[in-house]
Amino acid sequence: MNAIPREALSKAVTGTGSGATAARGLPVDGFGAAIKPDAKCALIVVDVQNGFVTGGALPVKEGEAVVPVINKLAERFENIVVTQDWHTPGHASFASTHSGKKPFETTELSYGTQVLWPDHCVQGTEDAALHKGLLLPTAQIIIRKGFHKEIDSYSAFYEADHTTATGLAGYLTQRNIERLFITGLATDFCVAWTALDARRAGFEVYVVEDATRAIDMNGSLAAAWEQMSANGVKRIQSSDLA
Ligand code: VGL
Ligand code: ZN
């Protein structure tokens, strides 16, 4: 798939009538929210699961704070995709699977360096369940990922071997969806990898910063924003959406 032409971006933008606004696809003045989601837009809600909030197996600081922000955004979207980290017991991304390894250390797997995590989001467990506070009545599909025992998947598009597809790009393309607004957990892992793969697949991509929270280990959050920005991912706030 080719990259979406820049002009396509302006179609998602209404409001102030400012040429500068339309060209950059971002609100640039004080006249209020400028981005109005339409049928070609989807809200992507990444891994808002018990495992990633307070009390979970891999808690992200203030992870639960994204829930009301996402619920409010959801009212504006007719298309919503939810993702769920969905690991096998003994998954290759778990430190406990590798003797002598502790969580947050790394190991080499067939596809490269893998950060090792506490056991989290095991299929069918309460830790893997979606946060009960999520209110997403128009959500149409749940993409589960990380279910191959030997391959992790931060991205909702491609697993960490960069080869195994989840099917999400095909789903979005067949639904004629072109612009993605990505939210959820964690900014520097599953959100960032999803946003970068979405760009590679040719989608116009916004990350809604205040609808995300980060793990932020060893500078990973700053690095993620840098990489996203270098690849054309737009960083916005929930107040930028009409
Ligand atoms: C995630 C680490 C391991 C995430 C998932 O959702 O960002 N991070 N598994
Ligand atoms: Zn995981």
Side-chain angles (χ1 to χ4, degrees), residues 43-67 69-70 81-98 101-107 109 111-131 134 142-162 164 166 168 180 182-198 205 207-225 227-228 233:
L43 182 69
I44 313 286
V45 180
V46 175
D47 297 4
V48 183
Q49 294 166 262
N50 294 332
F52 298 117
V53 302
T54 305
L58 177 42
V60 177
K61 193 163 174 269
E62 299 176 351
E64 55 281 357
V66 304
V67 173
V69 184
I70 291 170
V81 173
V82 175
T83 79
Q84 231 175 344
D85 216 32
W86 199 249
H87 297 310
T88 59
H91 193 258
S93 74
F94 296 169
S96 64
T97 302
H98 307 270
K101 289 290 189 182
K102 292 200 228 23
F104 309 106
E105 294 178 351
T106 60
T107 193
L109 297 182
Y111 51 80
T113 304
Q114 170 71 47
V115 179
L116 296 172
W117 305 104
D119 291 24
H120 65 281
C121 295
V122 172
Q123 296 168 1
T125 65
E126 196 52 28
D127 197 62
L130 294 171
H131 190 285
L134 280 177
I142 298 175
I143 290 281
R144 288 175 167 167
K145 60 186 179 59
F147 53 74
H148 289 122
K149 197 170 184 181
E150 306 303 331
I151 319 171
D152 202 5
S153 187
Y154 297 146
S155 162
F157 290 91
Y158 282 94
E159 301 191 14
D161 62 0
H162 302 294
T164 308
T166 64
L168 180 56
L180 309 181
I182 304 182
T183 63
L185 306 170
T187 326
D188 41 347
F189 288 90
C190 292
V191 168
W193 285 52
T194 296
L196 290 166
D197 274 355
V205 181
V207 169
V208 188
E209 184 173 19
D210 59 323
T212 71
R213 288 295 186 281
I215 293 173
D216 199 13
M217 49 187 282
N218 311 317
S220 56
L221 180 59
W225 279 121
Q227 215 185 334
M228 287 192 282
V233 174

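All ligand and atom numbering here is 1-based and tracks the order in the structure. Just the heavy atoms: all of them, side chains too, but no hydrogens, waters or symmetry mates, feed the values below.
Under the 6.0 Å cut-off for aromatic ring centres, Y158 and W193 do not qualify, their centroids lying 6.0 Å or more apart. Under the 6.0 Å cut-off for aromatic ring centres, H131 and F52 do not qualify, their centroids lying 6.0 Å or more apart. In summary, the aromatic rings of F94 and H120 are positioned with their centroids under 6.0 Å apart.
Within 6.0 Å of NZ on K101 lie more than 12 heavy atoms contributed by other residues, nucleotides or ligands.
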Are there any protein N or O atoms under 3.5 Å from the N or O atoms of ligand 1? List them with distances, or say none.
| residue | atom | partner | partner atom | Å |
| --- | --- | --- | --- | --- |
| ligand 1 | 6 (O) | D47 | OD2 | 2.7 |
| ligand 1 | 6 (O) | L185 | O | 3.3 |
| ligand 1 | 7 (O) | A186 | N | 3.0 |
| ligand 1 | 7 (O) | C190 | N | 3.1 |
| ligand 1 | 9 (N) | D85 | OD2 | 3.1 |
| ligand 1 | 9 (N) | H120 | NE2 | 3.1 |

Apply side chain to side chain contact (heavy atoms under 4.5 Å, CB included) to residues I142 and T83 and explain how you reach the verdict. CA-CA 5 Å; I142 298 175; T83 79; over 6 Å; no
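With waters left out, the protein N, O or S atoms under 2.8 Å from the Zn ion (ligand 2) add up to 3.
Listed by first and then second residue, the salt bridge (Lys or Arg N to Asp or Glu O under 4.0 Å) pairs involving residues 111-123 amount to none (not counting sequence neighbours).
For T212, the side chain to side chain contact (heavy atoms under 4.5 Å, CB included) partners are T187, V191, V207, not counting sequence neighbours.
With respect to the salt-bridge test (charged N to carboxylate O, under 4.0 angstrom), the residues D47 and K145 qualify.
Scanning both residues, Y154 and V115, for their nearest heavy atoms gives OH-CB, 3.9 Å.
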